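Inspection log for the structure reproduced underneath, given as C-alpha coordinates.
Start at 1 with the first residue, then count along the sequence. Quick caveat: nothing in here was measured; it's all calculated off a predicted structure.
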Amino acid sequence: MRQVYLAEIKNSWLTWLGVSLTFVAANYGLAVGFLYVATGIKGYAAGVLSAVNLGQLAAIGGVNILFGAIVAAVVIGSSTALVIAARRGAFARLALAGATPGQVVRVVMSQLVVVTLACAVVGDILAAVLFPFYLDAEAADREMAVPKVGQALWAYLAANLLCVGMALIGGWRQARAASRIPPVEALRPVRETPAATRRRRWILRGLAIAGCLLVIIGSFVVFPGIATVAGPDAGDLAFQLAVLLLVVTGLAIAVAGPSALAGFASAWASLIPSPGGVWHLARTTLRVRAERFARSVTPIMFAVGLMAGMIATIGTLEASMLAAGRELVLSSAGPFAIFTLVGAPLIVSGAGAVGGLVMMARQRDAELALASIVGATPRQRILTSLFEALLITVTGVIAGLLMAAVAVVFLAFAVNLLLGVSAVQVPMVFFGSVIAVCLAIAVAATVGPIIPALRKPAPAVIAKLTAE
(Lines give C-alpha, C1' and ligand atoms only; values in the text may rest on other atoms or scores of the structure.)
Protein backbone atom coordinates (compact mmCIF):
# COMPACT_ATOMS: atom_id res chain seq x y z
CA MET A 1 0.00 0.00 0.00
CA ARG A 2 2.97 2.27 0.55
CA GLN A 3 3.65 2.30 -3.20
CA VAL A 4 0.02 3.32 -3.78
CA TYR A 5 0.34 6.24 -1.35
CA LEU A 6 3.51 7.45 -3.08
CA ALA A 7 2.03 7.03 -6.55
CA GLU A 8 -1.13 8.95 -5.60
CA ILE A 9 0.89 11.78 -4.09
CA LYS A 10 3.01 11.94 -7.23
CA ASN A 11 -0.01 11.95 -9.55
CA SER A 12 -2.03 14.46 -7.53
CA TRP A 13 0.56 17.13 -6.73
CA LEU A 14 -0.55 19.42 -9.57
CA THR A 15 -4.12 19.33 -8.28
CA TRP A 16 -3.03 20.05 -4.71
CA LEU A 17 -0.82 22.86 -6.01
CA GLY A 18 -3.98 24.70 -7.04
CA VAL A 19 -5.07 25.02 -3.41
CA SER A 20 -1.62 25.07 -1.79
CA LEU A 21 -1.90 28.81 -1.10
CA THR A 22 -4.54 28.00 1.53
CA PHE A 23 -2.20 25.62 3.37
CA VAL A 24 0.71 28.07 3.21
CA ALA A 25 -1.47 30.88 4.56
CA ALA A 26 -2.85 28.69 7.35
CA ASN A 27 0.59 27.68 8.59
CA TYR A 28 1.92 31.23 8.24
CA GLY A 29 -0.91 32.67 10.32
CA LEU A 30 -0.56 30.04 13.04
CA ALA A 31 3.23 30.47 13.12
CA VAL A 32 2.84 34.23 13.61
CA GLY A 33 0.40 33.56 16.46
CA PHE A 34 2.81 31.21 18.24
CA LEU A 35 5.71 33.64 17.64
CA TYR A 36 3.74 36.35 19.46
CA VAL A 37 3.39 34.03 22.44
CA ALA A 38 7.08 33.06 22.29
CA THR A 39 8.09 36.73 22.17
CA GLY A 40 6.00 37.55 25.23
CA ILE A 41 7.43 34.64 27.20
CA LYS A 42 11.01 35.48 26.25
CA GLY A 43 10.60 39.19 26.99
CA TYR A 44 9.01 38.57 30.38
CA ALA A 45 11.70 36.03 31.34
CA ALA A 46 14.42 38.53 30.37
CA GLY A 47 12.77 41.31 32.38
CA VAL A 48 12.18 43.46 29.29
CA LEU A 49 8.39 43.10 29.31
CA SER A 50 5.96 43.54 32.16
CA ALA A 51 3.23 41.05 33.03
CA VAL A 52 0.75 43.35 31.25
CA ASN A 53 2.87 43.33 28.08
CA LEU A 54 3.15 39.56 28.29
CA GLY A 55 -0.63 39.33 28.53
CA GLN A 56 -1.07 41.65 25.53
CA LEU A 57 1.25 39.65 23.26
CA ALA A 58 -0.14 36.34 24.50
CA ALA A 59 -3.69 37.58 23.82
CA ILE A 60 -2.80 38.63 20.26
CA GLY A 61 -1.14 35.29 19.64
CA GLY A 62 -3.95 33.34 21.26
CA VAL A 63 -6.67 35.05 19.21
CA ASN A 64 -4.76 34.39 15.99
CA ILE A 65 -4.19 30.76 16.92
CA LEU A 66 -7.79 30.12 17.95
CA PHE A 67 -9.55 31.91 15.10
CA GLY A 68 -6.89 30.92 12.60
CA ALA A 69 -7.35 27.24 13.49
CA ILE A 70 -11.15 27.45 13.23
CA VAL A 71 -11.13 29.23 9.88
CA ALA A 72 -8.32 26.96 8.61
CA ALA A 73 -10.38 23.85 9.34
CA VAL A 74 -13.37 25.27 7.43
CA VAL A 75 -11.41 26.60 4.44
CA ILE A 76 -9.10 23.58 4.18
CA GLY A 77 -12.16 21.35 4.17
CA SER A 78 -13.52 23.30 1.20
CA SER A 79 -10.17 23.12 -0.60
CA THR A 80 -9.94 19.38 -0.02
CA ALA A 81 -13.45 18.95 -1.44
CA LEU A 82 -12.31 20.74 -4.60
CA VAL A 83 -9.34 18.39 -4.97
CA ILE A 84 -11.52 15.31 -4.47
CA ALA A 85 -14.06 16.60 -6.98
CA ALA A 86 -11.26 17.08 -9.51
CA ARG A 87 -9.89 13.56 -8.89
CA ARG A 88 -13.07 11.53 -8.76
CA GLY A 89 -11.79 9.33 -11.57
CA ALA A 90 -8.59 8.55 -9.68
CA PHE A 91 -10.48 7.49 -6.54
CA ALA A 92 -12.87 5.45 -8.68
CA ARG A 93 -9.92 3.57 -10.16
CA LEU A 94 -8.58 2.88 -6.67
CA ALA A 95 -11.92 1.36 -5.67
CA LEU A 96 -12.04 -0.54 -8.95
CA ALA A 97 -8.58 -1.98 -8.19
CA GLY A 98 -9.85 -3.34 -4.87
CA ALA A 99 -9.03 -0.58 -2.40
CA THR A 100 -11.29 -0.62 0.65
CA PRO A 101 -13.03 2.56 1.90
CA GLY A 102 -10.58 2.69 4.80
CA GLN A 103 -7.63 2.56 2.44
CA VAL A 104 -9.07 5.36 0.31
CA VAL A 105 -9.50 7.48 3.45
CA ARG A 106 -5.87 6.82 4.39
CA VAL A 107 -4.76 7.80 0.88
CA VAL A 108 -6.50 11.17 1.17
CA MET A 109 -5.32 11.77 4.73
CA SER A 110 -1.73 10.90 3.82
CA GLN A 111 -1.89 13.39 0.97
CA LEU A 112 -3.22 16.03 3.36
CA VAL A 113 -0.31 15.43 5.74
CA VAL A 114 2.30 15.59 2.97
CA VAL A 115 0.81 18.72 1.39
CA THR A 116 0.42 20.46 4.75
CA LEU A 117 4.00 19.73 5.83
CA ALA A 118 5.38 20.79 2.45
CA CYS A 119 3.44 24.05 2.61
CA ALA A 120 4.46 24.44 6.27
CA VAL A 121 8.07 24.92 5.18
CA VAL A 122 7.04 27.88 3.02
CA GLY A 123 4.78 29.24 5.75
CA ASP A 124 7.56 29.00 8.36
CA ILE A 125 10.02 30.82 6.09
CA LEU A 126 7.51 33.61 5.46
CA ALA A 127 6.80 33.91 9.18
CA ALA A 128 10.51 34.02 10.03
CA VAL A 129 11.11 36.76 7.45
CA LEU A 130 8.04 38.91 8.14
CA PHE A 131 7.52 38.55 11.91
CA PRO A 132 10.30 41.06 12.82
CA PHE A 133 8.28 43.71 10.98
CA TYR A 134 5.28 42.78 13.14
CA LEU A 135 7.42 43.28 16.25
CA ASP A 136 8.78 46.64 15.11
CA ALA A 137 5.26 47.89 14.42
CA GLU A 138 4.04 46.47 17.73
CA ALA A 139 6.82 48.20 19.64
CA ALA A 140 6.01 51.54 18.00
CA ASP A 141 2.24 51.09 18.46
CA ARG A 142 2.40 50.12 22.14
CA GLU A 143 5.54 52.15 23.01
CA MET A 144 7.31 49.21 24.57
CA ALA A 145 10.59 47.41 24.08
CA VAL A 146 9.83 44.14 22.34
CA PRO A 147 12.66 41.60 22.28
CA LYS A 148 13.67 39.72 19.17
CA VAL A 149 12.42 36.18 19.57
CA GLY A 150 15.17 34.60 17.50
CA GLN A 151 14.67 31.03 16.37
CA ALA A 152 11.81 29.84 18.57
CA LEU A 153 11.75 26.37 17.08
CA TRP A 154 8.97 25.24 19.39
CA ALA A 155 6.69 27.95 17.96
CA TYR A 156 7.22 26.73 14.39
CA LEU A 157 6.82 23.11 15.44
CA ALA A 158 3.60 23.86 17.33
CA ALA A 159 2.22 25.78 14.34
CA ASN A 160 3.09 22.92 11.97
CA LEU A 161 1.49 20.28 14.18
CA LEU A 162 -1.65 22.35 14.73
CA CYS A 163 -1.92 23.06 11.01
CA VAL A 164 -1.66 19.33 10.26
CA GLY A 165 -4.33 18.67 12.87
CA MET A 166 -6.68 21.28 11.40
CA ALA A 167 -6.06 19.91 7.90
CA LEU A 168 -6.96 16.39 9.05
CA ILE A 169 -10.06 17.63 10.87
CA GLY A 170 -11.14 19.78 7.93
CA GLY A 171 -10.43 17.04 5.39
CA TRP A 172 -11.85 14.07 7.29
CA ARG A 173 -15.40 14.43 5.97
CA GLN A 174 -14.12 14.91 2.44
CA ALA A 175 -11.90 11.84 2.75
CA ARG A 176 -14.93 9.84 3.85
CA ALA A 177 -16.83 11.16 0.84
CA ALA A 178 -13.99 10.04 -1.43
CA SER A 179 -14.12 6.55 0.07
CA ARG A 180 -17.81 6.26 -0.85
CA ILE A 181 -17.35 7.09 -4.55
CA PRO A 182 -18.68 4.09 -6.52
CA PRO A 183 -16.15 2.79 -9.08
CA VAL A 184 -18.55 3.15 -12.03
CA GLU A 185 -20.63 6.14 -10.96
CA ALA A 186 -17.55 8.30 -10.44
CA LEU A 187 -16.79 8.02 -14.14
CA ARG A 188 -20.22 9.44 -15.00
CA PRO A 189 -21.79 12.79 -14.18
CA VAL A 190 -22.39 13.15 -10.45
CA ARG A 191 -25.84 11.91 -9.51
CA GLU A 192 -28.16 13.32 -6.93
CA THR A 193 -27.26 12.59 -3.33
CA PRO A 194 -29.43 9.83 -1.81
CA ALA A 195 -32.34 11.01 0.32
CA ALA A 196 -31.01 9.28 3.46
CA THR A 197 -27.67 11.05 3.12
CA ARG A 198 -29.34 14.41 2.55
CA ARG A 199 -31.55 13.89 5.61
CA ARG A 200 -28.55 13.00 7.77
CA ARG A 201 -26.68 16.09 6.59
CA TRP A 202 -29.64 18.34 7.34
CA ILE A 203 -29.94 16.89 10.84
CA LEU A 204 -26.24 17.49 11.55
CA ARG A 205 -26.40 20.97 10.10
CA GLY A 206 -29.52 21.74 12.08
CA LEU A 207 -27.81 20.67 15.31
CA ALA A 208 -24.73 22.77 14.51
CA ILE A 209 -26.81 25.84 13.67
CA ALA A 210 -28.88 25.35 16.84
CA GLY A 211 -25.67 25.21 18.87
CA CYS A 212 -24.41 28.46 17.31
CA LEU A 213 -27.77 30.17 17.89
CA LEU A 214 -27.72 28.97 21.49
CA VAL A 215 -24.34 30.64 22.00
CA ILE A 216 -25.54 33.88 20.38
CA ILE A 217 -28.85 34.09 22.24
CA GLY A 218 -27.28 32.84 25.45
CA SER A 219 -24.71 35.65 25.37
CA PHE A 220 -27.50 38.24 25.36
CA VAL A 221 -29.33 36.44 28.15
CA VAL A 222 -26.48 35.74 30.56
CA PHE A 223 -24.39 38.88 30.09
CA PRO A 224 -26.43 41.09 32.47
CA GLY A 225 -25.83 38.61 35.27
CA ILE A 226 -22.17 38.13 34.41
CA ALA A 227 -21.62 41.90 34.21
CA THR A 228 -22.66 42.38 37.85
CA VAL A 229 -20.12 39.77 38.93
CA ALA A 230 -17.30 40.90 36.61
CA GLY A 231 -17.32 44.46 37.90
CA PRO A 232 -14.62 46.62 36.25
CA ASP A 233 -13.78 43.79 33.84
CA ALA A 234 -17.31 43.76 32.37
CA GLY A 235 -16.27 46.04 29.49
CA ASP A 236 -13.42 43.75 28.45
CA LEU A 237 -15.76 40.77 28.70
CA ALA A 238 -18.34 42.49 26.46
CA PHE A 239 -15.73 43.13 23.77
CA GLN A 240 -14.42 39.55 23.98
CA LEU A 241 -17.94 38.12 23.68
CA ALA A 242 -18.62 40.38 20.68
CA VAL A 243 -15.54 38.98 18.92
CA LEU A 244 -16.63 35.45 19.83
CA LEU A 245 -20.10 36.02 18.38
CA LEU A 246 -18.45 37.35 15.23
CA VAL A 247 -16.85 33.96 14.60
CA VAL A 248 -19.82 31.92 15.82
CA THR A 249 -22.15 33.73 13.40
CA GLY A 250 -19.77 32.95 10.56
CA LEU A 251 -19.72 29.29 11.53
CA ALA A 252 -23.53 29.20 11.62
CA ILE A 253 -23.72 30.60 8.09
CA ALA A 254 -21.00 28.25 6.84
CA VAL A 255 -22.68 25.11 8.19
CA ALA A 256 -26.06 26.19 6.79
CA GLY A 257 -24.93 24.49 3.62
CA PRO A 258 -24.64 25.17 -0.10
CA SER A 259 -28.39 25.05 -0.71
CA ALA A 260 -29.05 27.81 1.81
CA LEU A 261 -26.34 30.11 0.41
CA ALA A 262 -27.33 29.43 -3.21
CA GLY A 263 -31.01 29.97 -2.39
CA PHE A 264 -30.26 33.28 -0.69
CA ALA A 265 -28.11 34.43 -3.61
CA SER A 266 -30.78 33.43 -6.11
CA ALA A 267 -33.39 35.33 -4.07
CA TRP A 268 -31.58 38.66 -4.04
CA ALA A 269 -30.39 38.22 -7.63
CA SER A 270 -33.97 37.69 -8.80
CA LEU A 271 -34.78 41.25 -7.65
CA ILE A 272 -32.43 42.66 -10.30
CA PRO A 273 -33.97 43.06 -13.78
CA SER A 274 -32.51 40.77 -16.42
CA PRO A 275 -32.90 42.31 -19.90
CA GLY A 276 -30.63 39.66 -21.43
CA GLY A 277 -30.21 35.96 -20.87
CA VAL A 278 -26.69 36.08 -19.43
CA TRP A 279 -27.67 37.29 -15.96
CA HIS A 280 -30.49 34.75 -15.84
CA LEU A 281 -28.07 31.99 -16.86
CA ALA A 282 -25.55 33.02 -14.19
CA ARG A 283 -28.05 33.05 -11.33
CA THR A 284 -29.77 29.81 -12.35
CA THR A 285 -26.43 28.04 -12.75
CA LEU A 286 -25.50 28.73 -9.15
CA ARG A 287 -28.40 26.55 -7.95
CA VAL A 288 -27.01 23.64 -9.97
CA ARG A 289 -23.47 24.38 -8.80
CA ALA A 290 -24.42 25.16 -5.21
CA GLU A 291 -21.45 23.27 -3.75
CA ARG A 292 -18.98 25.21 -5.88
CA PHE A 293 -20.75 28.48 -5.10
CA ALA A 294 -20.64 27.90 -1.34
CA ARG A 295 -16.93 27.02 -1.38
CA SER A 296 -16.26 30.37 -3.04
CA VAL A 297 -18.57 32.43 -0.81
CA THR A 298 -17.44 31.07 2.58
CA PRO A 299 -13.82 32.37 2.51
CA ILE A 300 -14.96 35.80 1.29
CA MET A 301 -17.58 35.89 4.05
CA PHE A 302 -14.97 35.23 6.74
CA ALA A 303 -12.51 37.77 5.30
CA VAL A 304 -15.14 40.53 5.12
CA GLY A 305 -16.83 39.62 8.38
CA LEU A 306 -13.66 39.47 10.47
CA MET A 307 -12.18 42.75 9.28
CA ALA A 308 -15.45 44.68 9.08
CA GLY A 309 -16.64 43.23 12.38
CA MET A 310 -13.48 44.16 14.26
CA ILE A 311 -13.41 47.72 12.91
CA ALA A 312 -17.15 48.23 13.52
CA THR A 313 -17.05 46.86 17.08
CA ILE A 314 -14.05 48.98 18.04
CA GLY A 315 -15.65 52.03 16.41
CA THR A 316 -18.90 51.35 18.28
CA LEU A 317 -17.02 51.00 21.56
CA GLU A 318 -15.20 54.30 21.05
CA ALA A 319 -18.38 56.13 19.97
CA SER A 320 -20.30 54.77 22.95
CA MET A 321 -17.61 55.85 25.39
CA LEU A 322 -17.60 59.32 23.82
CA ALA A 323 -21.40 59.51 24.10
CA ALA A 324 -21.10 58.60 27.78
CA GLY A 325 -18.60 61.40 28.32
CA ARG A 326 -15.68 59.10 28.91
CA GLU A 327 -12.34 58.96 27.17
CA LEU A 328 -11.34 55.61 25.72
CA VAL A 329 -7.65 54.90 25.25
CA LEU A 330 -7.64 51.74 23.16
CA SER A 331 -4.24 50.59 21.92
CA SER A 332 -5.90 47.96 19.75
CA ALA A 333 -7.90 50.48 17.68
CA GLY A 334 -5.39 51.10 14.90
CA PRO A 335 -5.54 49.33 11.54
CA PHE A 336 -2.33 47.40 12.17
CA ALA A 337 -3.41 46.40 15.68
CA ILE A 338 -6.73 45.13 14.30
CA PHE A 339 -4.86 43.16 11.64
CA THR A 340 -2.64 41.57 14.28
CA LEU A 341 -5.74 40.38 16.13
CA VAL A 342 -7.44 38.75 13.16
CA GLY A 343 -4.54 38.54 10.73
CA ALA A 344 -4.31 34.74 10.65
CA PRO A 345 -7.96 34.02 9.79
CA LEU A 346 -7.98 36.93 7.34
CA ILE A 347 -4.97 35.60 5.45
CA VAL A 348 -6.38 32.07 5.42
CA SER A 349 -9.76 33.32 4.18
CA GLY A 350 -8.24 35.41 1.41
CA ALA A 351 -5.99 32.58 0.26
CA GLY A 352 -8.89 30.13 0.32
CA ALA A 353 -11.06 32.44 -1.75
CA VAL A 354 -8.43 32.92 -4.46
CA GLY A 355 -7.36 29.28 -4.48
CA GLY A 356 -10.92 28.02 -4.69
CA LEU A 357 -11.87 30.28 -7.58
CA VAL A 358 -8.75 29.39 -9.55
CA MET A 359 -9.14 25.68 -8.77
CA MET A 360 -12.62 25.60 -10.26
CA ALA A 361 -11.54 27.26 -13.49
CA ARG A 362 -11.43 23.92 -15.38
CA GLN A 363 -15.06 23.15 -14.58
CA ARG A 364 -16.00 26.67 -15.55
CA ASP A 365 -14.11 26.25 -18.85
CA ALA A 366 -16.17 23.18 -19.75
CA GLU A 367 -19.46 24.86 -18.83
CA LEU A 368 -18.68 27.89 -20.97
CA ALA A 369 -17.57 25.62 -23.81
CA LEU A 370 -20.96 23.91 -23.67
CA ALA A 371 -22.60 27.33 -23.77
CA SER A 372 -20.62 28.19 -26.89
CA ILE A 373 -21.85 25.02 -28.61
CA VAL A 374 -25.44 26.19 -28.18
CA GLY A 375 -24.60 29.64 -29.55
CA ALA A 376 -23.07 31.76 -26.76
CA THR A 377 -20.60 34.36 -28.05
CA PRO A 378 -17.19 34.96 -26.39
CA ARG A 379 -18.59 38.21 -24.94
CA GLN A 380 -21.52 36.37 -23.37
CA ARG A 381 -19.19 33.73 -21.92
CA ILE A 382 -17.03 36.39 -20.31
CA LEU A 383 -20.13 38.19 -18.98
CA THR A 384 -21.34 34.90 -17.47
CA SER A 385 -18.08 34.63 -15.50
CA LEU A 386 -18.27 38.29 -14.50
CA PHE A 387 -21.80 37.82 -13.20
CA GLU A 388 -20.75 34.70 -11.31
CA ALA A 389 -17.99 36.72 -9.64
CA LEU A 390 -20.56 39.41 -8.78
CA LEU A 391 -22.92 36.85 -7.25
CA ILE A 392 -20.09 35.32 -5.21
CA THR A 393 -18.80 38.68 -3.99
CA VAL A 394 -22.13 40.26 -3.07
CA THR A 395 -23.33 37.14 -1.28
CA GLY A 396 -20.04 36.83 0.61
CA VAL A 397 -20.11 40.52 1.56
CA ILE A 398 -23.73 40.35 2.77
CA ALA A 399 -22.95 37.27 4.86
CA GLY A 400 -19.82 38.95 6.24
CA LEU A 401 -21.76 42.08 7.15
CA LEU A 402 -24.30 39.89 8.93
CA MET A 403 -21.42 38.53 11.03
CA ALA A 404 -20.36 42.07 11.83
CA ALA A 405 -23.94 43.15 12.59
CA VAL A 406 -24.42 40.45 15.24
CA ALA A 407 -21.19 41.48 16.97
CA VAL A 408 -22.03 45.18 16.84
CA VAL A 409 -25.59 44.67 18.12
CA PHE A 410 -24.33 42.64 21.06
CA LEU A 411 -21.64 45.18 21.91
CA ALA A 412 -24.17 48.04 21.72
CA PHE A 413 -26.50 46.07 23.99
CA ALA A 414 -23.72 45.38 26.49
CA VAL A 415 -22.37 48.94 26.50
CA ASN A 416 -25.86 50.38 26.93
CA LEU A 417 -26.30 48.07 29.91
CA LEU A 418 -23.00 49.18 31.47
CA LEU A 419 -23.01 52.91 30.62
CA GLY A 420 -26.68 53.67 30.02
CA VAL A 421 -25.94 54.91 26.49
CA SER A 422 -24.58 53.41 23.28
CA ALA A 423 -23.72 54.67 19.80
CA VAL A 424 -23.11 52.55 16.74
CA GLN A 425 -20.36 53.70 14.40
CA VAL A 426 -20.36 52.14 10.92
CA PRO A 427 -17.37 52.96 8.65
CA MET A 428 -19.20 53.15 5.32
CA VAL A 429 -16.11 54.23 3.36
CA PHE A 430 -14.23 51.21 4.63
CA PHE A 431 -17.11 48.88 3.79
CA GLY A 432 -17.20 50.30 0.26
CA SER A 433 -13.46 49.73 -0.09
CA VAL A 434 -13.80 46.15 1.13
CA ILE A 435 -16.53 45.43 -1.42
CA ALA A 436 -14.44 46.92 -4.23
CA VAL A 437 -11.36 44.90 -3.29
CA CYS A 438 -13.30 41.64 -2.94
CA LEU A 439 -15.01 42.20 -6.30
CA ALA A 440 -11.70 42.93 -8.01
CA ILE A 441 -10.12 39.75 -6.58
CA ALA A 442 -13.14 37.62 -7.49
CA VAL A 443 -13.25 38.97 -11.04
CA ALA A 444 -9.52 38.43 -11.56
CA ALA A 445 -9.64 34.89 -10.15
CA THR A 446 -12.82 33.97 -12.04
CA VAL A 447 -12.35 35.59 -15.44
CA GLY A 448 -8.56 35.43 -15.75
CA PRO A 449 -8.19 31.62 -15.85
CA ILE A 450 -10.90 31.16 -18.51
CA ILE A 451 -9.31 33.44 -21.12
CA PRO A 452 -6.96 30.76 -22.57
CA ALA A 453 -9.88 28.30 -22.95
CA LEU A 454 -11.86 30.86 -24.97
CA ARG A 455 -9.25 30.58 -27.73
CA LYS A 456 -9.59 26.79 -27.99
CA PRO A 457 -12.31 24.78 -29.78
CA ALA A 458 -15.16 23.89 -27.43
CA PRO A 459 -14.92 20.09 -28.06
CA ALA A 460 -11.23 20.13 -27.10
CA VAL A 461 -11.96 21.90 -23.79
CA ILE A 462 -14.77 19.48 -22.90
CA ALA A 463 -12.70 16.44 -23.91
CA LYS A 464 -9.82 17.54 -21.69
CA LEU A 465 -12.02 17.83 -18.60
CA THR A 466 -13.71 14.49 -19.35
CA ALA A 467 -10.33 12.79 -19.68
CA GLU A 468 -9.33 14.05 -16.25
Side-chain angles (χ1 to χ4, degrees), residues 78 81 85 189-190 192-193 195 198 201-202 205-206 209 213 249-250 252-305 308 353 356-357 360-361 363-406 426 428 431-432 434-447 450:
S78 297
V190 182
E192 186 178 358
T193 305
R198 293 200 307 271
R201 288 179 182 176
W202 277 112
R205 284 171 179 164
I209 293 173
L213 291 177
T249 305
I253 298 173
V255 300
S259 298
L261 285 173
F264 170 73
S266 181
W268 72 257
S270 64
L271 301 176
I272 300 176
S274 178
V278 180
W279 175 252
H280 177 75
L281 176 62
R283 65 185 178 87
T284 52
T285 300
L286 68 86
R287 283 186 174 274
V288 180
R289 302 297 183 186
E291 289 279 352
R292 186 176 78 184
F293 180 76
R295 290 168 193 153
S296 303
V297 168
T298 301
I300 293 177
M301 174 192 71
F302 274 112
V304 172
L357 289 171
M360 290 179 289
Q363 292 181 2
R364 198 174 291 111
D365 289 344
E367 292 169 4
L368 295 176
L370 287 172
S372 71
I373 291 177
V374 297
T377 64
R379 176 180 174 275
Q380 289 174 325
R381 292 155 69 183
I382 292 177
L383 281 177
T384 300
S385 295
L386 281 172
F387 288 151
E388 183 178 356
L390 179 63
L391 287 165
I392 290 171
T393 302
V394 174
T395 304
V397 168
I398 293 175
L401 295 182
L402 178 60
M403 291 173 56
V406 172
V426 180
M428 298 304 297
F431 286 169
V434 168
I435 294 172
V437 170
C438 289
L439 182 59
I441 293 173
V443 168
T446 303
V447 179
I450 72 166

**Report entry** Rounded distance (nearest 0.5 Å) linking atom CD of E388 with atom OG1 of T393
**Finding:** 10.0 Å
**Report entry** Whether S266 side chain and A262 backbone form a donor-acceptor pair below 3.5 Å
**Finding:** no
Query - Over all atoms of both residues, closest heavy-atom pair of A308 and L401 - result: CB-CD2, 4.4 Å
Query raised in the report: Can you find a pair of side-chain heavy atoms, one from F302 and one from M403, that are under 4.5 Å apart?
Result: yes
Query raised in the report: Once you round to the nearest 0.5 Å, how far does CD1 of I398 lie from CG of L261?
Result: 11.0 Å
Query raised in the report: Among V304, V397, I253, which one satisfies side chain to side chain contact (heavy atoms under 4.5 Å, CB included) with L402?
Result: I253
Query raised in the report: Is there a side-chain contact between T395 and I300 (heavy atoms, below 4.5 Å)?
Result: no
**Report entry** Spacing of L271 atom CG and W268 atom CH2 [to the nearest 0.5 Å]
**Finding:** 9.0 Å
